[in-house]
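Notes follow once the structure below has been shown.
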Amino acid sequence: PFHLAVTHLLSPTHQGRFMALFRHPIERMVSLFYHLQKKSWEAQGGVYQPDLDGVDIETWLERGEFEDNGNFLVTRLAGKSDQDSIDKDDLEIAK
């Protein structure tokens, strides 16, 4: 993975810089809902969810049928996989 390669490229004498853009969490979830509902051309990748046709966003949120990987960046920077849980120690590593 990319984050492991970076650890070999950077050192105290060869420092790097990092920039990240963050979306508002509510806007991100609204975007995810419409992405899952409307991307019929991505049916094979498991992105398109035809069962969301006719479902409003409130119902979808109440069902809890979504995965929120809101800590994607912390997970990657801490060197963990998507299946690993993260905690405050991981946040400090990511900083």
Side-chain angles (χ1 to χ4, degrees):
F2 176 72
H3 68 278
L4 296 177
V6 170
T7 60
H8 298 289
L9 296 173
L10 304 178
S11 69
T13 56
H14 294 95
Q15 296 181 4
R17 293 179 189 236
F18 185 81
M19 182 184 87
L21 301 175
F22 299 95
R23 291 176 67 187
H24 191 280
I26 294 174
E27 291 175 3
R28 188 170 50 83
M29 291 305 288
V30 169
S31 177
L32 174 63
F33 171 72
Y34 288 113
H35 178 76
L36 295 174
Q37 190 180 49
K38 303 291 181 190
K39 300 291 183 177
S40 59
W41 58 89
E42 295 184 31
Q44 287 185 328
V47 174
Y48 174 56
Q49 297 182 10
D51 56 311
L52 291 179
D53 189 31
V55 174
D56 62 30
I57 193 166
E58 289 182 36
T59 303
W60 177 70
L61 290 170
E62 288 171 358
R63 289 182 189 171
E65 298 174 352
F66 56 87
E67 290 186 29
D68 179 19
N69 69 352
N71 292 310
F72 173 82
L73 199 53
V74 172
T75 302
R76 291 299 181 270
L77 292 173
K80 295 198 167 190
S81 74
D82 291 336
Q83 290 75 34
D84 295 332
S85 61
I86 59 172
D87 56 25
K88 289 186 179 189
D89 293 334
D90 297 316
L91 177 60
E92 291 305 313
I93 292 169
K95 288 180 181 180

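Source: prediction; values computed, not measured.
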Working to the nearest 0.5 angstrom, can you tell me the gap between Met29 CE and His24 NE2?
13.0 Å

Return the minimal non-hydrogen interatomic distance between Ser85 and Lys80, and the atom names on each side.
O-NZ, 3.2 Å

Between the CD atom in Gln15 and the OG1 atom in Thr13, the distance rounded to the nearest 0.5 Å is 8.5 Å

Atom pair CG (Leu61) and CG (Leu32), whose distance is rounded to the nearest 0.5 Å:
9.5 Å

Between Asp90 and Ile93 (side chain of the first, backbone of the second, donor and acceptor by atom type, cut-off under 3.5 Å), is there such a pair?
no

So CG of Asp84 and OG1 of Thr75: to nearest 0.5 Å the spacing works out to 8.0 Å

Can you give me the closest heavy-atom contact between Arg76 and Ser81, atom names plus distance?
NH1-C, 4.5 Å

Can you confirm whether Asp53 is buried at CG, in the sense that more than 12 heavy atoms of other residues, nucleotides or ligands lie under 6.0 Å from that atom?
no

Distance col, row Thr59:OG1 vs Phe33:CZ, nearest 0.5 angstrom, shows 8.0 Å

Is it possible for you to say whether Trp60 and Val30 belong to one hydrophobic cluster, with membership spreading through side-chain heavy-atom contacts below 4.5 Å?
yes

